[in-house]
Structures are given as structure tokens and as C-alpha cells.
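For the numbers below, each heavy atom of this structure counts, side chains included, while hydrogens, waters and symmetry mates do not. If you read the sequence from its start, that first residue is 1, and numbering goes on from there. Note that the structure is a prediction, hence the values are computed from the model and not measured.
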Amino acid sequence: MNLINGLSRKYVEGTDAEYIYYSENMLEDNLIIAVDMFVYEDSPDGKELSVQTWINVQHYNDNDAFTFTMYSGDYLQEIQVYRIVKDIYDLYLDNVLSDFLMIIHELSVSFQSQSMQSKKENAIDVRNGILSDFEKINW
């Protein structure tokens, strides 16, 4: 589905990444936006459930892999997700990749990278987790 000026959205059933947003240029730059919805128990007795939304920008290159969390919090309506994704995409269109990544890093609420990990196996897990979201585009 094409929603925002050439940006495609793919629903990925049965995975953590509920939607993946991408364009052909973004894929050439090894860049995607993943939107996840998590349902969790919000009371000790497990009778109350809540939903949390995460919006992540993910990127990898030959040396490293990155996740920039742009939003992590209460459930967002579709129009709210659309606005955040559109703003991220507009920043991508208006900047060269290196500038875009610097801007996204500064605007993110959290950041994780392969190279930040102190153990090699954790670094491999981070990279593989990010690469697996890219593979979901072809499911």
C-alpha cells in the first residue's frame, strides 16, 4: 500500500513489526521505519491489558546496524502514526543520508547499535534483529 508520496507500507502478520514503511530509495540506503504494537498485562491479576506503540527507524551498513526509537509509549491512533512516519520520511527526503541519520539520532528517544554492544554475541543479535525486519518486506 502506498500512502505517503511514494512511501509503501507493508503489514507483517504474526511478527513484532506490525507495519514496515519503506521506499525504493530508502531500501537502497538500507533504511526502514518499523511500527510495532505491543499488548501487555497492565495489572497484577492480568485482567487489564494495555497497548503500547513503538516507532523505530532502522538502518544498517557494512560496519554497523542501528535502531533509533522515535516513539515509545501509549497506543497511537492511525492518524498519529501517519503524522510521525510522514515527518520522518520528509526529513529523509530533505537531507542526505548522513545528515538524516544525525538528525534522527538527535530526535530519537533511545538508540541502539551493533557497535555499542560489549559482547560479540549481543552485537550479532542486534544486527540480526535489524536485518530480520528488512527481510520481512519480502514475505
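Scored by the salt bridge (Lys or Arg N to Asp or Glu O under 4.0 Å) test, D125 finds no partners at all (sequence neighbours excluded). Checked against salt bridge (Lys or Arg N to Asp or Glu O under 4.0 Å), E78 has the following partners two or more places apart in sequence or in another chain: R9. Looking at residues two or more places apart in sequence or on another chain, you find a side chain to side chain contact (heavy atoms under 4.5 Å, CB included) between L91 and N95, F100, I103, I104, L107. Residues passing the side chain to side chain contact (heavy atoms under 4.5 Å, CB included) test with S110, sequence neighbours excluded: T69.
Under the 4.5 Å side-chain heavy-atom criterion for ILVMFWY residues, a single connected hydrophobic cluster contains both L49 and Y75. Linking Ile, Leu, Val, Met, Phe, Trp and Tyr residues whenever their side-chain heavy atoms come within less than 4.5 Å places I79 and Y71 in a single cluster. Note: the hydrophobic cluster containing I88 does not contain M102 (ILVMFWY, side chain heavy atoms under 4.5 Å, direct or indirect links). If you chain together hydrophobic residues whose side chains sit under 4.5 Å apart, V81 and V109 never meet in one group.
Counting heavy-atom neighbours within 6.0 Å of E106 CD, excluding the residue itself, gives a total of 12 or less.
When each of Y82, Y11, W54 is checked for a ring-ring contact (aromatic ring centres under 6.0 Å, His included) with Y19, only Y11 meets the rule. Just one of I20, L131, I130 meets the side-chain contact (heavy atoms from CB on, under 4.5 Å) condition when paired with Q58; it is I130.
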Ignoring hydrogens and angles, write down the donor-acceptor pairs under 3.5 Å from the side chains of residues 112-119, residues two or more places apart or on other chains.
unit_1: S113; atom_1: OG; unit_2: S115; atom_2: OG; d: 3.2
unit_1: S113; atom_1: OG; unit_2: M116; atom_2: N; d: 3.2
unit_1: Q114; atom_1: OE1; unit_2: A65; atom_2: N; d: 3.4
unit_1: Q114; atom_1: OE1; unit_2: R127; atom_2: NH1; d: 2.9
unit_1: S115; atom_1: OG; unit_2: D64; atom_2: OD2; d: 2.6
unit_1: Q117; atom_1: NE2; unit_2: S113; atom_2: O; d: 3.1

Just distance, no hydrogens or angles: give the donor-acceptor pairs under 3.5 Å from side chains in residues 23-35, sequence neighbours left out.
unit_1: S23; atom_1: OG; unit_2: M26; atom_2: N; d: 3.1
unit_1: D29; atom_1: OD2; unit_2: Y92; atom_2: OH; d: 2.7
unit_1: N30; atom_1: OD1; unit_2: Y60; atom_2: OH; d: 3.1
unit_1: N30; atom_1: ND2; unit_2: Y60; atom_2: O; d: 3.4

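Sorted by first and then second residue, the pairs that involve residues 85-100 and meet salt bridge (charged side-chain N to carboxylate O under 4.0 Å, His left out), not counting sequence neighbours, are R83-D87, K86-D90.
The distance from atom CG of L93 to atom CG of N5, rounded to the nearest 0.5 Å, is 7.5 Å. To the nearest 0.5 Å, atoms CE (M70) and CD1 (I84) are separated by 9.0 Å.
Within the 4.5 Å cutoff, the side chain of K120 has heavy atoms near those of the I124 side chain. A 4.5 Å side-chain heavy-atom check between F66 and V57 finds every atom pair outside the cut-off.
Ring planes of F68 and H105: perpendicular class, angle over 60° (limits at 30 and 60°).
In terms of heavy-atom proximity, T53 sits nearest to L76 at OG1-N, 3.1 Å. Taking both residues in full, the closest heavy atoms of K136 and K10 are given as O-NZ, 3.4 Å, listed atom of the first, atom of the second, then distance.
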